[in-house]
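Since this is a predicted model, take the numbers as computed values, not measurements. Whatever order the structure lists them in is the order used to number ligands and atoms, beginning at 1.
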Amino acid sequence: MNPNLQKLHAYPFARLGGLLADLKPQQPPLSLALGEPQHRAPDFLVRAMQEEATLREGFGRYPATEGTIGLRTAISTFIAQRFTPARCDPDRHLLPVNGTREALFSVAQALADPGERPLAIIPNPFYQIYEGAALLAGLDIFYLNESSNNQWNAAPQALDTQTLKQVGLIYLCNPGNPHGRVLSEQDLTAWIQLSQTHRIPIICDECYSEIYDDEANPPPGLLTVAAQLGLSDFNLCLVFNSLSKRSNLPGLRSGFVAGDPKLIEAFRLYRTYHGSAMALHTQSVSTLAWQDEDHVVENRALYREKFQTFLSIVEPVWPMQRPSASFFLFPEIPVIRGLAPQDDEAFTRWLFEHAGIRVLPGSYLSREAEGVNPGAGHVRIALVEAEAQVEAAARRIVQAIAESS
Ligand SMILES: Cc1ncc(COP(=O)(O)O)c(C=O)c1O
């Protein structure tokens with residue numbers, strides 16, 4: 001058996017299941033734990049998926065790893081409009097992937113060179129796939145602590161040259177999960193400069209890039225900044241995005257990777273053997289999804305309303321701030337009589353028992369590094385359910401906190 005499998009950590013939702021297994025909540029369970037979009041999949045895409053000719057074609061043919069030119073052109077148009085001045089050549093800079101998760105994982109298998117560069121930098125807290133990807137690729141991990149003290153944003157300048165000589169991959173998450181912080185153009189510039197100086201590929205997970213608060217201020221993307229810096233071929237930069245959050249299609253398994261053509265070509269070769277080509281009917285529907293922005297604007301409006309509803313109810317008893325992007329809140333836990341302060345596991349159990357609400361302990365999304373676990377003392381709240389449920393959850397939380405004091 002691959003010995004690196006032993007290094008993998010239990011997945012946060014498996015740990016959450018274990019944490020809450022013995023509890024009988026006083027109210028019917030309602031989950032704010034999972035980051036799975038629950039808004040309705042766009043009708044025009046559901047209809048498109050039902051077209052017989054599309055399905056017959058999709059069912060009847062092996063798809064190519066590089067995808068159809070139609071899909072790659074739609075993605076490159078999306079990038080040109082959303083991440084200007086970046087321009088992607090559909091033949092050189094892009095590949096379709098089956099959601100960002102598999103691609104964020106498999107890219108490490110394709111690009112890692114543990115003998116030469118045995119370390120991967122990943123943010124801490126993180127999306128756990130980065131950690132598993134690096135470990136299974138035979139890399140050790142440098143956990144880059146991001147905390148509420150540095151606004152969940154660790155400056156790359158803090159990394160020393162000796163460490164950087166060992167680093168073969170840098171994972172970034174922008175906007176970030178679990179906290180929704182957005183890296184500015186300046187932050188991204190610093191990361192790109194570091195990557196150029198030390199010749200380290202950046203794997204930038206942008207799957208929340210289209211879920212943001214201010215219509216006039218979308219989060220900047222890595223390719224935008226690379227192009228502004230004159231890297232029109234995106235040297236050492238790769239971005240990963242998908243339709244899961246943008247278009248409420250988490251089950252379609254459709255996304256893309258874009259950037260440096262040398263890395264894209266290596267990844268294409270790897271994927272040919274891995275067998276991760278996207279089904280043709282998925283590609284057809286995905287093409288339509290990337291071509292339409294109206295449903296994405298509507299989607300953002302729904303999240304805006306839910307944040308407003310949730311925060312207007314909860315904030316008076318449990319202060320927290322809406323991040324400028326993503327559908328998460330990552331507040332410090334409130335002080336509850338009888339519970340140890342900062343114990344996010346104990347608070348998660350308490351909230352489930354007294355209000356039936358599931359949230360995710362922050363310490364399940366991070367590791368202890370340099371003596372601290374930066375996610376500890378926080379919980380992640382995902383506002384993915386319908387507004388009525390989000391409102392009901394907020395009322396239950398407030399009532400439970402009020403009754404505890
Ligand atoms: C930060 C982050 N990256 C990637 C993913 C995977 O998304 P998908 O594979 O659906 O694109 C998720 C899913 O929750 C996520 O939170």
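- Among Y130, Y171, F105, Y208, the residue whose heavy atom sits closest to atom 15 (C) of ligand 1 is Y208.
- The distance from ligand 1 to the heavy atoms of N177 drops below 4.0 Å at these ligand atoms: 1 (C), 15 (C), 16 (O).
- The shortest heavy-atom distance from R253 to ligand 1 is under 4.0 Å.
- Within the 4.0 Å heavy-atom shell around ligand 1 one finds K245.
- Between R72 and D89 no salt bridge is recorded (no basic side-chain N to carboxylate O distance below 4.0 Å).
- Within the listing of ligand 1, atoms 8 (P), 10 (O), 11 (O) sit less than 4.0 angstrom from a heavy atom of S244.
- Each of the atoms 1 (C), 2 (C), 3 (N), 4 (C) of ligand 1 lies under 4.0 Å from some heavy atom of D205.
- When non-hydrogen atoms are compared, ligand 1 lies under 4.0 Å from the side chain of C173 (C-beta onward) but not from its backbone.
- Side-chain contact of N248 with N299: a donor-acceptor pair under 3.5 Å is present, judged by distance alone.
- Remark: distances from the non-hydrogen atoms of C207 to ligand 1 include one below 4.0 Å.
- Here R304 pairs with E215 in a salt bridge; the nearest charged N to carboxylate O distance falls below 4.0 Å.
- Those atoms of ligand 1 that come under 4.0 Å of a heavy atom in G99, given as number and element, are 9 (O), 11 (O).
- When T100, L365, N241, V97 are checked for heavy-atom proximity to atom 8 (P) of ligand 1, T100 turns out nearest.
- Salt bridge present: R246 and E293 bring a charged side-chain N and a carboxylate O closer than 4.0 Å.
- Under a cutoff of 6.0 Å and an axis angle of 45°, R380 and F330 do not form a cation-pi pair.
- E102 has a carboxylate O that lies under 4.0 Å from a charged side-chain N of R271, or vice versa, which qualifies the two as a salt bridge.
- Taking a cutoff of 4.0 Å between a charged side-chain nitrogen and a carboxylate oxygen, R92 and D233 qualify as a salt bridge.
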